[in-house]
Amino acid sequence: MPIYWAFLTYMLLKPGEENQEYWFMFSGIDKVLHVSIFAMLGFSFVAAFPKIKFSYFFQIILIYAFLTEILQDEMGLGRSMESLDIVADTVGCLIGYYIYKVLVKRFF
C-alpha cells in the first residue's frame with residue numbers, strides 16, 4: 001500500500017501536460033480516473049487496516065484528497081484545484097471501502 005500511495009501522490013502532483021486526443025478520451029474522463037484511483041486507494045487502505053473505524057478512514061482519505069488538490073494549485077506546475085475532483089476522490093474511496101466490506105462479508 002505505501003508504494004501505491006507514493007505512486008498516486010506522484011501522479012496527482014506531477015506537472016500538467018497537454019492532453020492529446022485519443023479514441024477513448026471523453027469529457028469528464030479525469031473524474032472517472034479520480035474515482036477509479038481513489039477506489040483502489042480506499043480498498044487497499046481498508047484491506048491494510050481492516051479494524052479502522054469508518055470515521056477515521058473517511059477523515060484520512062478526505063484530508064489526503066484535499067491536500068493533493070491544494071498542493072496541485074499551490075505548486076504552480078500546470079495543475080489546478082478542482083472541487084469536483086475532491087467529490088470524485090470521496091466517491092471513489094467510499095466505493096473502495098464498500099467493495100472491500102461486501103467481499104469480506106461474502107467470502108469470509
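Taken together through direct or relayed side-chain contacts under 4.5 Å among Ile, Leu, Val, Met, Phe, Trp and Tyr, L103 and M40 form part of one hydrophobic cluster. Following chains of ILVMFWY side-chain contacts shorter than 4.5 Å, one cannot reach Y10 starting from F66, and the two form parts of different hydrophobic clusters. Linking Ile, Leu, Val, Met, Phe, Trp and Tyr residues whenever their side-chain heavy atoms come within less than 4.5 Å leaves I29 and M11 in two separate clusters. Hydrophobic clustering (side-chain heavy atoms under 4.5 Å, transitive across Ile, Leu, Val, Met, Phe, Trp, Tyr) keeps F58 apart from V102. Using a 4.5 Å cut-off between side-chain heavy atoms of Ile, Leu, Val, Met, Phe, Trp and Tyr, with links allowed through other members, F7 and L71 fall into different hydrophobic clusters.
Between F57 and F45, the angle of the ring planes lies from 30° to 60°, which puts this pair in the tilted group.
Checked against a 6.0 Å centroid threshold, the rings of Y97 and F54 count as neighbours.
Formation of a donor-acceptor pair under 3.5 Å by the Y64 side chain with backbone atoms of T9 is found in this model. Remark: side-chain polar atoms of E69 are not paired, donor with acceptor, to backbone N or O of S83 under 3.5 angstrom.
Residue I61 forms a side chain to side chain contact (heavy atoms under 4.5 Å, CB included) with just one option from L41, D89, V46, L94, and that option is L41.
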Should E74 and I70 be marked as a side chain to side chain contact (heavy atoms under 4.5 Å, CB included) after you check the CA-CA gap, both sets of side-chain angles, and the distance that decides it?
-> CA-CA 6 Å; E74 292 296 319; I70 290 168; 4.1 Å; yes

Assess whether side chain to side chain contact (heavy atoms under 4.5 Å, CB included) is satisfied between L12 and H34, documenting all intermediate values.
-> CA-CA 9 Å; L12 289 170; H34 272 268; 3.8 Å; yes

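Remark: T68 OG1 to M75 CE distance equals 11.0 Å, nearest 0.5 Å. Interatomic distance, CG of D73 versus CD of E82, reported as 10.0 Å (0.5 Å rounding).
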